[in-house]
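Computed from heavy atoms alone, side chains included, the values below leave out hydrogens, waters and symmetry copies.
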Amino acid sequence: MASRFNPLKADAHWQKVWDEAGTFRASDASGRPKAYILEMFPYPSGRIHVGHGRNYVMGDVLARYKRMKGFEVLHPMGWDAFGMPAENAAIERKVHPGEWTRANIAAMRGQLKLLGLALDWSREFATCDPAYYGHEQALFVDLFEAGLVYRRESEVNWDPVDMTVLANEQVIDGRGWRSGAPVERRKLSQWFLKITDFAEELLDGLETLDQWPDKVRLMQQNWIGKSRGMRFRFRIADPTAGFDSFEVFTTRPDTIFGSSFAALSPDHPIALALAEGRPEVAAFIAECKKGGTTAAELETAEKLGFDTGLKAVHPLDPEWLLPVYIANFVLMDYGTGAIFGVPGHDQRDFEFAHKYGLPILRVVAGSAADADRPVEGEAEPGEGVLVNSRFLDGMDVEAAKAAVIARAEGEGWGEGTIVWRLRDWGVSRQRYWGTPIPIIHCPTCGAVPVPRDQLPVVLPEDVDFETPGNPLDRHGAWKNVACPRCGGAAARETDTLDTFVDSSWYFIRFASQPADRPFDKAAAERWLPVDQYIGGVEHAILHLLYSRFWTRALRRLGMLGIAEPFQGLFTQGMVTHLTYRDADGNWLLPEEAEAAMDAGLPVTHGRIEKMSKSKKNVIPPEPIVAQYGADALRWFLLSDSPPERDLQWTDAGIEGAWRFVQRLWRLASAEAGGAGEDASLERKLHRTIAAVGANIEALAFNKAVANIYELANAIEKAPPSASRAAAVETMILLVAPMVPHVAEEAWAAAGRERLIADAPWPEADPALLVEEEVTIAVQVNGKLRDTLTAPKGAPRQALEEMALASDKVARILEGRAPRKVIVVPDRLVNLVA
RNA sequence: GCGGACGUGGCGAAAUCGGUAGACGCAGCAGACUUAAAAUCUGCUUUCCUUCGGGAAGUGUGGGUUCAAGUCCCGCCGUCCGCACCA
């Protein structure tokens with residue numbers, strides 16, 4: 001047997017063996033319990049780096065482990081292939097987006113294959129395949145017919161660089177999530193999916209996701225943003241411009257007697273109507289729109305108001321008139337676009353009242369005795385008892401809320417209600433490289449869905465990107481069609497779907513891909529939900545919320561009997577690497593940095609950052625695999641850092657991993673020899689079997705790695721014995737999910753005919769998990785003074801006597817008897833002097 | 001501003017229920033093997049003191065609860081993440 005493991009030969013060999021045997025092909029018909037392991041599929045942006053690899057290797061270890069545990073494992077791979085980078089590449093390099101995308105997929109598939117991933121490649125697809133997006137169009141038509149899709153003119157987030165609309169979720173600090181350009185407001189006709197119809201169940205469903213990180217559940221909960229409160233109508237004392245009342249929403253109906261003004265959003269219909277006849281109103285509204293939307297600007301933005309001169313009648317006192325302002329801080333798209341101001345108990349209203357000299361009334365106080373204490377410095381939004389509030393006086397906040405709502409509902413001027421922060425999902429994109437929206441606009445029939453037998457609506461290939469904007473819009477031959485309903489001249493919708501639609505159901509298509517429909521219900525339900533989903537936390541809201549919505553929508557349509565698509569979710573950390581910059585702050589490749597230093601130019605070590613092309617700190621997998629092999633790379637990616645935390649790429653780290661792979665090989669290929677039992681090694685082995693299994697299931701790969709190191713150390717120190725030879729063999733099984741190539745090689749070298757990938761996971765013998773002897777800590781006053789060895793399960797009395805017999809303890813106690821003795825069996829004895 | 005997470009050796013980290021802090025790895029030091037190097041193997045490696053037996057301190061910081069706190073509670077400091085004029 002060779003003294004060194006040669007990954008160059010072994011990697012390719014075993015990858016071919018797995019491939020030819022169809023080892024990782026998932027069977028829909030197997031009787032074994034299923035496990036669906038999925039990593040978020042990649043966008044084919046060019047090349048992968050080792051940071052992407054970490055994600056796939058984690059899923060791979062779990063998939064291989066589950067196979068060994070007897071599960072039928074579905075572990076597929078595909079490509080989230082629509083999106084703007086392809087179009088940008090088309091514009092810059094004059095290649096067709098499809099060509100660019102296909103070339104990237106081919107390159108990245110080759111890179112992934114170098115890692116020896118246990119993937120079922122037979123289910124691979126790209127979302128830009130008409131065979132995929134055609135079914136997506138069919139699903140869109142289904143949702144359309146079910147009333148879950150609608151079109152409306154709306155003010156949208158317009159990205160002036162990418163020349164497209166962005167969803168609210170895609171606007172970060174007022175800038176486009178991709179381009180980074182400040183987002184503009186524009187009015188456009190857009191297609192929307194009714195995700196708000198599902199707000200309640202998306203929120204409640206979070207409760208069932210106990211295998212999701214709390215952090216992600218909390219983020220979704222905040223995003224959905226449920227607020228309970230009351231809606232009520234203010235009558236306008238002197239109706240103008242055709243309006244005699246307006247509605248407001250509040251979460252604090254209890255403070256209704258603390259109100260000193262009402263305020264309308266600058267976009268409110270009444271404000272807009274007033275602006276028609278009064279230039280000063282129009283000017284104020286224009287002023288409000290000027291301000292930026294970045295965090296910093298909003299932080300410092302002044303509260304601005306314009307007194308319309310209108311008076312609102314207090315709903316509980318017809319004599320009480322409130323001034324009506326237009327105020328810049330009132331948002332049209334939350335609640336009703338109008339508020340009633342309670343300066344004493346809301347900070348924004350407080351600032352507003354200060355600026356415009358409005359009364360600041362106290363209606364909540366710590367106790368009734370504080371009723372006359374003025375509210376000073378800042379608003380008091382907290383708990384207390386109601387004061388200065390007529391029939392509410394003396395109630396606590398919750399009771400007062402209920403009392404006001406009951407009164408309003410009884411008298412018919414308001415009602416208890418719930419308001420959501422979540423908005424409907426705008427899915428129209430004015431881009432070419434996406435799924436065409438399967439709708440035809442007919443001047444007579446309106447928006448007509450493309451009949452199912454005419455799907456897919458295929459993207460035309462012959463498009464030009466010379467002119468800015470959407471090339472579909474200019475493509476007459478594609479765009480101009482007959483109306484499917486009346487046969488008259490009509491035009492295709494030229495907007496394409498947000499690519500997040502593509503990724504909202506790909507996991508269903510992986511489970512089942514018939515040619516004639518999106519998926520087969522029974523086949524999909526065999527695999528779904530995904531047992532373990534792995535990906536970046538950056539998708540905590542967008543992709544994960546949309547997928548949950550899509551799955552629930554399909555359920556409502558009766559197409560799928562599953563509520564939640566992802567039972568387990570894991571968000572892994574990034575791989576980071578050193579960066580270098582020159583004197584001008586430009587990023588340098590490591591070799592450029594070296595050359596510059598040799599030339600005596602100043603080079604600064606940048607921060608250790610997430611690998612990215614722009615920072616020039618990416619490590620591609622090819623040279624690493626060529627030098628150290630796939631197993632060393634996999635081992636490194638699993639070692640040391642907890643998987644949810646960032647992992648720093650270092651040359652020393654990959655070399656350490658390579659040394660371990662070689663060490664495994666040496667252990668496995670050494671002459672076995674020896675006879676007889678080694679009870680202590682067997683205990684170690686069985687504890688390791690249990691620990692590695694538990695740690696892999698918990699995705700604590702770094703701990704599983706440490707368990708293996710401990711076992712390897714113990715085996716190396718153990719004298720030859722039959723136990724030792726068996727331990728080596730078992731260790732090969734334990735590392736097989738993590739370093740599969742060297743494991744197969746060692747397995748074959750040991751004369752095994754079956755693949756180790758098909759071998760069963762070893763079972764820990766429960767009898768060997770229990771120690772016969774334990775080390776007992778002996779403390780005096782809580783400080784460790786001695787340790788002693790006792791049989792497992794020794795009685796308290798015996799432990800106490802042994803502890804008192806210790807010389808060290810005797811020296812410290814100086815002959816005194818301890819006042820108190822605490823004995824924790826099998827752990828410690830604490831003598832309190 | 002609101003919400004959340006985290007803070008342990010030179011570094012990555014571990015410590016499952018409040019019970020021997022630092023397992024395991026990296027880096028480092030010393031030694032073995034070698035003509036030499038690589039590879040490999042052995043030992044040491046939290047800090048300070050030491051009469052070499054051991055002793056003291058120690059998990060961001062200050063308190064508290066407890067026989068016992070990295071772990072629980074309260075305050076503070078710092079780092080990171082999410083949301084943000086949400087009525």
- [ ] May I ask which nucleotide in the shown strands pairs with B/G1, Watson-Crick or G-U wobble, both distances under 3.5 Å?
- [x] B/C83
Open item on the list: Taking the minimum atom-to-atom distance to the side chain of A/Arg423, which one of B/C85, B/A87, B/C86 wins?
Closed with: B/C86
TODO: Measure the shortest side-chain to side-chain distance between A/Val330 and A/Tyr325 over non-hydrogen atoms and say whether it is less than 4.5 angstrom.
DONE: no
Open item on the list: Given B/C41, B/A87, B/C24, identify the nucleotide with an atom nearest to the side chain of A/Ile339.
Closed with: B/A87
Open item on the list: Under 4.0 Å, counting only non-hydrogen atoms across every strand here, what does A/Thr251 touch: a base, just sugar-phosphate, or nothing?
Closed with: sugar-phosphate
- [ ] Keeping the roles fixed (side chain from A/Arg252, backbone from A/Pro381), state whether a donor-acceptor pair exists under 3.5 Å.
- [x] yes
- [ ] Would you please classify the geometry between the A/Phe329 ring and the A/Phe352 ring as parallel, tilted or perpendicular, with 30° and 60° separating the classes?
- [x] perpendicular
Open item on the list: Starting the side chain at C-beta, find the nucleotide from B/A14, B/G19, B/A27 nearest to A/Arg659.
Closed with: B/A27
TODO: Measure from the side chain of A/Ala706, starting at C-beta and using heavy atoms only, and say which of B/C85, B/C67, B/C24 lies closest.
DONE: B/C24
Open item on the list: Measuring only the C1' atom in each nucleotide, how far is B/G70 from B/A13? A whole number of Å is fine.
Closed with: 14 Å
Task: Whole-angstrom distance between B/G9 and B/G58, as gauged at atom P - done: 14 Å
Task: First of A/Ile822 and A/Ile776 reached from the 5' end of RNA chain B, by closest nucleotide - done: A/Ile776
TODO: Would you tell me if any nitrogen or oxygen in the side chain of A/Tyr334 comes within less than 4.0 Å of OP1 or OP2 on B/A87?
DONE: yes
Open item on the list: Under 4.0 Å, heavy atoms only, any strand: does A/Arg217 hit a base, just the sugar-phosphate, or nothing?
Closed with: nothing
TODO: Using a 4.0 Å heavy-atom cut-off across all strands, classify A/Thr775 as base, sugar-phosphate, or nothing.
DONE: base
Task: Sugar-phosphate, base or nothing in reach of A/Gln779, heavy atoms under 4.0 Å - done: base
Open item on the list: If the cut-off is 4.0 Å, is A/Arg252 near the phosphate of B/C86, judged by side-chain N/O to OP1 or OP2?
Closed with: no
Open item on the list: Between B/G55 and B/G64, how many Å separate the two P atoms, rounded to a whole number?
Closed with: 27 Å
Open item on the list: Using a distance-only criterion (donor-acceptor N/O pair, under 3.5 Å, no hydrogens), is the base of B/C85 paired with the side chain of A/Lys303?
Closed with: yes
TODO: Could you tell me the separation between the CZ atom of A/Arg348 and the P atom of B/A87, rounded to a whole number of Å?
DONE: 7 Å
- [ ] Looking at every strand, decide which applies to A/Asp214 at a 4.0 Å heavy-atom threshold: base, sugar-phosphate, or nothing.
- [x] nothing
TODO: Just call it for A/Val824: base, sugar-phosphate, or nothing, with non-hydrogen atoms closer than 4.0 Å on any strand.
DONE: base
Task: Close aromatic pair by centroid cut-off 6.0 Å: A/Phe350 and A/His345 - done: no
